[in-house]
Protein chains: 2
Amino acid sequence: MTVPSSALALQRIALEQFATAGFGGTSLGSIAQAAGLSKSSVLYHYESKEALLAAAVQPAVDALGALVAGYPGDGNPDEHDRFVERFIDYLFAHRLAVHLFMNQGRFLQHIEPVATADALLQRFAEAIADRIPGVEDRIRFGVALAGAAYSLVAAANWSSEELADTDDVRDALLRTVSSLLSSSQPAR
Amino acid sequence: MTVPSSALALQRIALEQFATAGFGGTSLGSIAQAAGLSKSSVLYHYESKEALLAAAVQPAVDALGALVAGYPGDGNPDEHDRFVERFIDYLFAHRLAVHLFMNQGRFLQHIEPVATADALLQRFAEAIADRIPGVEDRIRFGVALAGAAYSLVAAANWSSEELADTDDVRDALLRTVSSLLSSSQPAR
DNA sequence: CAGCGGACTGACCGATCGGACAGTATTGTC
DNA sequence: GACAATACTGTCCGATCGGTCAGTCCGCTG
């Protein structure tokens, strides 16, 4: 391990605060306090607030690259189903980072990993839209991505009941997203 | 008109920045600059940053109250369809405020209209879940609300093509949300 | 023209921000 | 125990934050 566990904990805490309170709304002091460190120590491990964010989202960017690369553009339905499953698992694993990309990506383009993630998401959306171009498919993709990410991150805001990481949630989300990412429903 | 048009423009600009850059990430100075005023002038119209946010989201809170009050808990399918239409129109009209409620609501509970909106959304979610309680329906509601709001607000982040306020978008969103808010699909 | 009230501003305040830096603990190695 | 290297901290800095306040500008009314 070249990265000590304390640095990983710091990244986890930082990502949590950046995703929920916003990059501008999060101070190095509050991150340090949550980690049981001083602000100086945080800046010892990461040379700046931006660098801390970059390190915190880097794993999510790498995994997103792998996910998008494995998208079966014109695969058979089975392949597609398996991809949707990987998609949901990715959201589970990196929900905070995805939430951050979607809600703050535009204002954090100057941070390299964020810009990369945005470009990947854009390529992803275009690949989806290429299958059956049209406004509705684009909308469905956006609703699925944003809705799933939000359900996993911020649902506790207005839903009294916490959505734990149970298989129930995963299954429900899988069916919901799957129906959204399949082609437009024939009936209307 | 008891409210001068300049005040309305100020609310619109402020809401735009609060929703996209976050409350903590938006300064009174940047709002003032976008409005062509000085910071002092902004604080002349609204006694604080919080008061400006409260005034900016108040119309959306009022409309949300009316929307939720009109929810036909056990109405016939036609009634339900008409409600989904009102729901989409509400999202169109108040997308920025909804986006703000969902992504920053938890940290802005001390601002009265935000707390009210959160309570309304919670009541709404519970009413939906009461029809057919279960994890999946809750997920579907969350996905529909967050996904639709996001599609209308921040899609420009990763989708190269801007989603204009066309009837196409409204129709597509209507069908997407309608399929999500109907009861769980029979087949699994 | 006097003057009055609302719109607006620049100067200023204390607090907090991100960050720089010198110095202190702590740890592992011989 | 000597001695680095690493982890960590307190202090300080300039910039910016939200907010106060005294005063200016301007259109309206008498």
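Lettering of chains follows the sequences in order, A, B, ..., and the numbering in each one begins at 1. Everything numeric here is computed off the predicted structure, so don't read it as measured data.
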Requested in this report: For B/Glu85, look at atom CD and say whether over 12 heavy atoms of other residues, nucleotides or ligands are found less than 6.0 Å away.
Outcome: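 Enclosed.
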I want to check one thing: is the phosphate of [N], taken as OP1 and OP2, less than 4.0 Å away from some side-chain N or O of [X]?
{"X": "A/Tyr44", "N": "D/dC8", "result": "no"}
{"X": "B/Ser38", "N": "C/dC8", "result": "no"}
{"X": "B/His45", "N": "C/dG6", "result": "no"}

Measure the distance from [atom1] on [X] to [atom2] on [N] and round it to the nearest whole Å.
{"X": "B/Gln33", "N": "C/dC8", "atom1": "CD", "atom2": "P", "result": "17 Å"}
{"X": "A/Lys49", "N": "D/dT16", "atom1": "NZ", "atom2": "P", "result": "14 Å"}
{"X": "B/Leu37", "N": "D/dG18", "atom1": "CG", "atom2": "P", "result": "16 Å"}
{"X": "B/His110", "N": "D/dG18", "atom1": "NE2", "atom2": "P", "result": "13 Å"}
{"X": "A/Leu53", "N": "C/dG18", "atom1": "CG", "atom2": "C1'", "result": "15 Å"}
{"X": "A/Leu10", "N": "D/dT6", "atom1": "CG", "atom2": "P", "result": "19 Å"}

Report task. Would you mind telling me which residue lines up with the more 5' stretch of DNA chain C, B/Val42 or A/Gly29, judged by nearest nucleotide? Result ->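 Comparing both residues, the 5'-ward one is B/Val42.
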Quiz item: Is there a side-chain contact between B/Val57 and B/Phe101, using heavy atoms and a 4.5 Å cut-off?
Solution: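 B/Val57 reaches B/Phe101 side chain to side chain.
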Is the shortest heavy-atom distance from the side chain of A/Leu120 to the side chain of A/Leu67 under 4.5 Å?
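In short, these two side chains do not touch, never coming nearer than 4.5 Å.
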### Query
What nucleic acid atoms does A/Thr26 come within less than 4.0 Å of, heavy atoms only: base, sugar-phosphate, or nothing?
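Sugar-phosphate, no base atom in range.
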inquiry  = Applying a 4.0 Å non-hydrogen cut-off, can you work out what A/Ser27 is touching in the nucleic acid: base, sugar-phosphate, or nothing?
reply    =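 Sugar-phosphate: the residue A/Ser27, judged by heavy atoms under 4.0 Å, touches backbone atoms but no base.
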*asked:* Is it the case that the side chains of A/His99 and A/Asn103 hold a donor-acceptor pair, with the cut-off being a distance below 3.5 Å and no angle test?
replied: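 Checked: A/Asn103/A/His99 side chains pair up, N/O donor to acceptor below 3.5 Å.
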Pairing donors with acceptors under 3.5 angstrom, does anything connect the side chains of A/Asp62 and A/Gln58?
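Looking only at side-chain atoms, A/Gln58 and A/Asp62 do form a donor-acceptor pair, the distance falling under 3.5 Å.
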Backbone of A/Gly22 reached by a side-chain donor or acceptor of A/Thr26 within 3.5 Å: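 Between the backbone of A/Gly22 and the side chain of A/Thr26 there is a qualifying donor-acceptor contact (under 3.5 Å).
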Aromatic ring proximity B/Phe124/B/Phe83, centre distance under 6.0 Å: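 Yes: the rings meet the under 6.0 Å criterion.
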Compare the minimum distances between each of D/dG18, D/dG10, C/dG19 and the side chain of B/Leu28, then state the nucleotide with the smallest one.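 Output: D/dG18.
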N/O-N/O pairs, protein side and nucleotides 20-27 of chain D side, under 3.5 Å:
none

